[in-house]
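Order of appearance sets the numbers: ligands from 1, and atoms from 1 within every ligand.
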Amino acid sequence: MKRTLLEALRERRLVCDGAMGTQLMARGLASGACGMTWNLDRPGDVGGIHQAYRNAGCDLITTNSFGGSRFALKLHGLENRVAELNRAAARVARAAAGDNGWVLGDVGPFGDFLEPVGDTTADELREAFRAQIAALLEGGADAILVETMSDPAEAIVGVEAAKACDPKIPVVVTYSFQKAGNDFRTMMGTSAAEAVQRSIAAGADIVGTNCGTDLSLDDYVQLAGQLVAAAGKTPVIVQPNAGSPHMENGKTIYKATPEEMAATAKRLLDAGVRIIGGCCGTAPHHLAAMSRAVKAG
Ligand SMILES: [Zn+2]
């Protein structure tokens, strides 16, 4: 029988995949359109992206379901299709991951603020996340990834929702940070240490960071050190963007080369990170170079 994700992680470092949105757009998805319908309508395209990451050496494949909660799907009038779109996302990813890969069922931010800043209660959000996660698990997800978080309260609701579906399911929680002096803070002002420690206390099995605002590759290495120190025995995942963003013709461009990403991957591993992957601007060729660096070291 296949090792569970957490068992495998005790023995070796693992590689997660890179960006999905830009890959969908490269295959014709209009900017601002909902990519989740492609899980049903164009599964060959979504599966092809997953397969490219698997071929690049990625051990973990992330489902195409970032905006898959009822709240996020509502922006596209798709709030009644939570179950079918998330189930399809997990099925496509499961087929590409194969017997030796793991599928992370992706849960992104719901797109608003919890009470008292916003109107949504924790109970409403927990029910929305639970419905999304139940469908991801039904479709074959091996673990749940609650990502791009800025508010620990929202992340904790995500952990609770996943554990309510299946107490044994591994839950990964990652936050997005920006630089604040010599430190890092989420958009909500939460420090790396607080974000990590509150998530672990809520039951997260793996914690870390993805994406981020204006972070250089050096910043990710520094941030990784803080996350590892705060996480104690809990494994840390870091999924950086492909370097600092540049604006070109009104578009945000990430320019780090595969070689630069591979060198960063090595430094992240040296800092104690157990899973590396990529966020904005990363593509299969970056992940291939990073994967070689992980497997060499
Ligand atoms: Zn990103």
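Lys163 NZ to Lys168 NZ: the interatomic distance, rounded to the nearest 0.5 Å, is 10.5 Å.
Counting only protein atoms, the N, O or S atoms lying less than 2.8 Å from the Zn ion (ligand 1) are Cys211 SG, Cys279 SG, Cys280 SG, ordered by chain and residue number.
Under a 4.5 Å side-chain heavy-atom criterion applied to ILVMFWY residues, the cluster that includes Tyr254 comprises that residue alone. Through chains of ILVMFWY side-chain contacts below 4.5 Å, Leu85 is grouped with Met36, Leu40, Leu73, Leu78, Val82.
More than 12 heavy-atom neighbours from other residues, nucleotides or ligands sit within 6.0 angstrom of CG on Asp41.
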Throw together a table of side-chain donor-acceptor distances under 3.5 angstrom for residues 144-151, partners on residues two or more places apart or in other chains.
from   : atom 1 : to     : atom 2 : distance (Å)
Glu147 : OE1    : Asn210 : ND2    : 2.9
Thr148 : OG1    : Asn210 : ND2    : 2.9
Asp151 : OD1    : Ala153 : N      : 3.0

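Panel note: side chain Ser65, backbone Gly68; no donor-acceptor pair is recorded below 3.5 Å.
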